[in-house]
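These values consider heavy atoms only, across backbone and side chains, with no hydrogens, waters or symmetry-generated copies. These numbers were taken from a predicted model, which means no experiment stands behind them.
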Amino acid sequence: MRDVTTAQTPVDLDVQPTPLALLLLGREADPRSERGVECPGDLPSPSDPDLVERARAAKEKLGDKVFVLGHHYQRDEVIQFADVTGDSFKLARDAAARPEAEYIVFCGVHFMAESADILTGDDQKVVLPDLAAGCSMADMATAEQVAECWDVLTEAGIAEQVVPVSYMNSSADIKAFTGKHGGTICTSSNAKRALDWAFEQGEKVLFLPDQHLGRNTAVRDMGMSLEDCVLYNPHKPNGGLTAEELRNAKMILWRGHCSVHGRFSIDSVNDVRERIPGVRVLVHPECKHEVVAAADEVGSTEYIIKALDAAPAGSKWAIGTELNLVRRLANAHPDKEIVFLDKTVCFCSTMNRIDLPHLVWALESLAEGNLVNRIEVDRETEQFAKLALERMLALP
């Protein structure tokens, strides 16, 4: 069983930990549910009082050879060692802008490290401190499933009209499929621009893998109706759709979602409005459509950060996104009342697998000349995935 760091329960945001959350935070253990990979060598104990100093010493020894990226959803104990912080695409671009760094240590999840490898030079090596740090949303669309979906669209006679648009939160294989079939990648902040471009190229869009971002962008930002959207379920024959339903649809949404943002409900919104009069509800567009429709503001992670930076003192906010980030924002703005939208803990469990012991192990290994946990995308996949990413970068 892997070691995990004990985290403090965020009582300051009026949330109560569920049994599963306690397990994921290292407060409980269940051998049947623990999964991951063994680290070659000894993983430091989370109780080691010298972990912070060991991380600092290893990072100083590596100097300019290492560049540490920290995603906004990371633990505070890890984020303190990040050279830059941001969302997944910003971090991948930041890595590409540091060609002198031999090692890119990505404190995030697997698909993010893949994107960094795609965008960085061949001589740079991307390291993920814990290979079990995946993304449930990205895992909801496999290359085999998407290829089968394309066969269904072909049999329905509409494949030539369909342009794939894949969310950044997808595997390198899905990005490569998108590039190979004339599509583009999008982020939560440029999804509308990506869809505008796609509808200039074709009549329909296959949106992968997050149904909620696709639906919210199409309906809220582009004026489509819910009837213009159909949901393709890869676990049902023909995606659970008839050929006629596919032909009538403008948006073919993949049945995927974010396990963090997907748990926010309309009850969460109603409850926080009752508890905190005058509160403004700000949510991520990966939330369900009814939650987005009931919110006061909707935006990407970067949008949420900037909105709270610009908010007046004394304002009240309920934020629907990952809890590590909400806690950090609440601490950064003591002059504002910032609460978590849900009453129960909602960490990104796989992101939280990157803890201080794993980061120390990775940095010390690199400092000793041992390359560990390298994330490397094969040449063909990289070629087509990069093509899709470049189309996004070229969006007006």
Pairs under 3.5 angstrom only: tabulate donor-acceptor contacts from the side chains of residues 281-290 to other protein residues two or more places apart or in another chain.
residue	atom	partner	partner atom	Å
H284	ND1	E286	N	3.1
E286	OE1	H261	ND1	2.9
E286	OE2	Y167	OH	2.5
K288	NZ	G262	O	3.3
H289	ND1	N216	OD1	3.1

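- The ring pair (Phe, Tyr, Trp, His ring centres under 6.0 Å) pairs that include a residue from residues 216-240 are Y232-W254, where partners are two or more places apart or lie in different chains.
- Scanning all heavy atoms of the two residues, the minimum distance from T154 to A159 falls at OG1-CB, 3.5 Å.
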Decide side chain to side chain contact (heavy atoms under 4.5 Å, CB included) for R374 and Y103; before the verdict, give the C-alpha distance in whole Å, the side-chain angles of both, and the deciding distance to 0.1 Å.
CA-CA 9 Å; R374 183 178 183 182; Y103 304 115; over 6 Å; no
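- Here the shortest heavy-atom pairing between L356 and E77 reads N-OE2, 2.8 Å.
- Checked by atom type and distance alone, the side chain of D355 pairs as donor or acceptor with a backbone atom of H358 at under 3.5 Å.
- Taking CG of L62 as the reference point, atom CD of E60 lies at 10.5 Å (rounded to 0.5 Å).
- Side-chain N or O atoms of K204 include one that pairs as donor or acceptor with a backbone N or O of A249 at under 3.5 Å.
- Note on I174 and V377: separate hydrophobic clusters, where clusters join Ile, Leu, Val, Met, Phe, Trp and Tyr whose side-chain heavy atoms are under 4.5 Å apart, directly or indirectly.
- Proximity of M140 to N169: side-chain heavy atoms (C-beta onward) are nowhere separated by under 4.5 Å.
- Placement of V105 and I79 in two distinct hydrophobic clusters is found when ILVMFWY residues are connected by side-chain heavy-atom separations under 4.5 Å, directly or transitively.
- V78 and C107 make their closest contact through CG1-SG, 3.6 Å (heavy atoms, listed as atom of the first residue, atom of the second, distance).
- Transitive grouping of hydrophobic side chains (ILVMFWY, heavy atoms separated by less than 4.5 Å) brings V163 and L389 into a common cluster.
- Heavy atoms only, all atoms of each residue included: S45 and L51 are closest at O-CD1, 3.5 Å.
- By the neighbour-count criterion of 12 heavy atoms within 6.0 Å, atom CG of D64 is sparsely surrounded, having that number or fewer from other residues, nucleotides or ligands.
- R220 contributes no side-chain N or O that, together with a main-chain N or O of A293, makes up a donor-acceptor pair within less than 3.5 Å.
- The CD1 atom of I304 sits 7.0 Å away from the CG atom of L325 when rounded to the nearest 0.5 Å.
- Rounding to the nearest 0.5 angstrom, the gap separating the NZ atom in K180 from the CG atom in L387 is 11.0 Å.
- Atom CZ of R280 sits in a crowded spot, with more than 12 heavy atoms from other residues, nucleotides or ligands closer than 6.0 Å.
- Q145 contributes no side-chain N or O that, together with a main-chain N or O of P234, makes up a donor-acceptor pair within less than 3.5 Å.
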Go through the steps for N324 and H72 under the test side-chain hydrogen bond (donor to acceptor under 3.5 Å, both in side chains), then give the verdict.
CA-CA 8 Å; N324 272 319; H72 286 309; over 6 Å; no
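- The cluster map of Ile, Leu, Val, Met, Phe, Trp and Tyr, joined by side-chain heavy atoms under 4.5 Å apart, puts V84 and V126 in the same cluster.
- Although no hydrogens or angles enter the test, the distance criterion places no donor-acceptor pair under 3.5 Å between the side chain of T178 and the main chain of P164.
- In the hydrophobic cluster analysis, where Ile, Leu, Val, Met, Phe, Trp and Tyr join through side-chain heavy atoms closer than 4.5 angstrom, L206 is grouped apart from M168.
- The number of heavy atoms from other shown groups lying within 6.0 Å of CZ (R54) is above 12.
- Proximity of W317 to E297: side-chain heavy atoms (C-beta onward) are separated by under 4.5 Å at one or more points.
- T301 and Y73 share a donor-acceptor pair across their side chains, judged by distance under 3.5 Å alone.
- The pair D122-R379 meets the salt-bridge criterion, with a side-chain N (NZ, NE, NH1 or NH2) lying under 4.0 Å from an Asp/Glu carboxylate O.
- D378 contributes a side-chain N or O that, together with a main-chain N or O of T381, makes up a donor-acceptor pair within less than 3.5 Å.
- With sequence neighbours excluded, no residue satisfies salt bridge (Lys or Arg N to Asp or Glu O under 4.0 Å) with E227.
- A donor-acceptor distance shorter than 3.5 angstrom exists from the side chain of Q124 to the backbone of R98, with no hydrogens or angles considered.
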Kindly determine whether D76 and R328 satisfy side chain to side chain contact (heavy atoms under 4.5 Å, CB included), including the steps that lead there.
CA-CA 8 Å; D76 287 345; R328 200 170 294 128; 2.8 Å; yes
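- One finds the CD1 atom of I354 at 8.5 Å from the CG atom of L359 (value rounded to the nearest 0.5 Å).
- Side-chain atoms of N190 never come within 3.5 Å of backbone atoms of R193 as a donor-acceptor pair (strictly under, hydrogens ignored).
- Using modelled atom types and a 3.5 Å distance limit, the side chains of D139 and S136 yield no donor-acceptor pair.
- Taking each heavy atom of V165 and A198 in turn, the nearest pair found is CG2-CB, 3.7 Å.
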Mind running ring pair (Phe, Tyr, Trp, His ring centres under 6.0 Å) on F111 and F106 for me, showing each step along the way?
CA-CA 10 Å; F111 80 81; F106 209 125; 8.6 Å; no
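- Between the CG atom in D94 and the CZ atom in F67 there is a gap of 5.5 Å [rounded to 0.5 Å].
- In this structure, the side chain of K175 engages the main chain of S170 through a donor-acceptor pair within 3.5 Å.
- At distances below 3.5 Å, at least one donor-acceptor pair connects side-chain atoms of K336 with backbone N or O atoms of L308.
- The existence of a salt bridge linking R247 and E245 is excluded, since no basic side-chain nitrogen approaches an acidic carboxylate oxygen closer than 4.0 Å.
- Contact annotation: the side chain of W361 approaches that of V372 to within less than 4.5 Å [non-hydrogen atoms, C-beta and beyond].
- Here CG of D117 is found 6.0 Å from CD of E376. Values are rounded to the nearest 0.5 Å.
- Closest approach of S268 and D342 over heavy atoms only: OG-OD1, 3.9 Å.
- Under the 4.0 Å criterion applied to side-chain N and carboxylate O atoms, D130 and R353 are assigned as salt-bridge partners.
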